[in-house]
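A short write-up of the structure that comes next.
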Amino acid sequence: MKVVSHEAFARLHESPDPGHVEIPLRLVPLLERYPDHDGAPVADEAELERVHLRTYVESIAEIAAPGWLDPDTYASATTWEAARLAVGAAVRAVGEGAFALVRPPGHHALPER
């Protein structure tokens, strides 16, 4: 199986709640299992705006302190970098018929949130 990922996923997007399941370390064993993964490119704002409103993209880019976007979704100062890598990995995986091994997961993503 072809995998697209990035080592930075294991350190970015730190939760303000250490007990939350979506933590950087959850990706470490998977990255170890697929050490020859293809690297994830950084998505540009045009790629992000194919799904999200510009105002939402800008609001994520401006996050400086940890906090909750909604009851299930947190964000931190590194969320912008992690999200751009996650989108870049997903776009590359679709183009190459691969699996995108990313975090933060995008299943909460909607145009305005």
Side-chain angles (χ1 to χ4, degrees):
M1 170 176 32
K2 189 171 187 178
V3 174
V4 178
S5 194
H6 198 286
E7 291 79 16
F9 291 130
R11 65 173 170 77
L12 298 172
H13 187 60
E14 194 73 39
S15 173
D17 176 1
H20 196 279
V21 67
E22 204 344 72
I23 59 172
L25 290 178
R26 74 185 282 200
L27 218 63
V28 171
L30 294 168
L31 290 171
E32 289 171 353
R33 170 66 177 88
Y34 297 99
D36 296 327
H37 62 270
D38 289 344
V42 176
D44 61 31
E45 290 187 27
E47 289 172 309
L48 298 169
E49 290 173 12
R50 291 176 68 188
V51 175
H52 296 293
L53 299 174
R54 173 176 277 285
T55 54
Y56 179 71
V57 171
E58 290 170 349
S59 72
I60 300 302
E62 294 170 359
I63 293 171
W68 294 92
L69 301 177
D70 63 38
D72 294 323
T73 311
Y74 67 88
S76 69
T78 62
T79 295
W80 174 243
E81 181 182 356
R84 289 181 68 198
L85 282 171
V87 171
V91 170
R92 182 171 185 181
V94 167
E96 298 179 4
F99 179 81
L101 183 57
V102 304
R103 49 174 306 281
H107 61 270
H108 290 272
L110 295 170
E112 73 284 351
R113 66 178 183 94

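Bear in mind that the values here come from a model prediction, so they are computed numbers and not experimental data.
The minimum heavy-atom distance linking Ala98 with Val3 is given by the pair CB-N, 4.4 Å. Nearest heavy-atom pair, Arg103 versus Ala86, reported as atom, atom and distance to 0.1 Å: O-CB, 4.3 Å. Of all non-hydrogen atoms in Ala43 and Gly88, the two that sit nearest each other are CB-N, 3.7 Å.
Each salt bridge (charged side-chain N to carboxylate O under 4.0 Å, His left out) pair with one or both residues in residues 25-35, not counting sequence neighbours, appears once here: Glu22-Arg26.
Clustering ILVMFWY residues whenever any of their side-chain heavy atoms sit less than 4.5 angstrom apart, transitively, puts Val102 in a cluster other than the one holding Ile60. The hydrophobic clustering, which links ILVMFWY residues whose side-chain heavy atoms are closer than 4.5 Å, places Leu85 and Val51 apart. Clustering ILVMFWY residues whenever any of their side-chain heavy atoms sit less than 4.5 angstrom apart, transitively, puts Val4 in a cluster other than the one holding Val91. Taking hydrophobic clusters as Ile, Leu, Val, Met, Phe, Trp and Tyr residues chained together by side-chain heavy-atom distances below 4.5 Å, Val94 does not share a cluster with Met1.
The CG atom of Leu31 sits 6.5 Å away from the CD atom of Glu7 when rounded to the nearest 0.5 Å. Taken to the nearest 0.5 Å, the CH2 atom of Trp68 stands 9.0 Å off from the CG atom of Asp70. A distance of 12.5 Å separates CZ of Arg11 from CG of Leu27, quoted to the nearest 0.5 Å.
Every residue was checked against the ring-ring contact (aromatic ring centres under 6.0 Å, His included) condition with His6, not counting sequence neighbours, and none meets it. Here His52 pairs with Tyr56 under the ring-ring contact (aromatic ring centres under 6.0 Å, His included) rule; sequence neighbours left out.
Ring-plane geometry between Tyr74 and His13 is classed as parallel, the angle between the planes falling under 30 degrees on a 0 to 90 degree scale with a further cut at 60.
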- Can you check side chain to side chain contact (heavy atoms under 4.5 Å, CB included) on Ile63 and Trp80, steps first, answer last? CA-CA 8 Å; Ile63 293 171; Trp80 174 243; over 6 Å; no
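Here the side chain of Glu62 pairs no donor or acceptor atom with the backbone of Ser59 at under 3.5 angstrom. A donor-acceptor contact shorter than 3.5 Å links the side chain of Arg92 to the backbone of Gly39. Side-chain atoms of Thr78 do not come within 3.5 Å of backbone N or O of Leu12 as any donor-acceptor pair. Put simply, the side chain of Arg54 never gets that close to the backbone of Glu45: no donor and acceptor are under 3.5 Å apart.
Contact of the Leu101 side chain with the His37 side chain is not registered, since no non-hydrogen atoms from C-beta on lie closer than 4.5 Å.
Applying side-chain contact (heavy atoms from CB on, under 4.5 Å) to Arg84 and the options Leu48, Val57, Thr79 leaves one that passes, Leu48.
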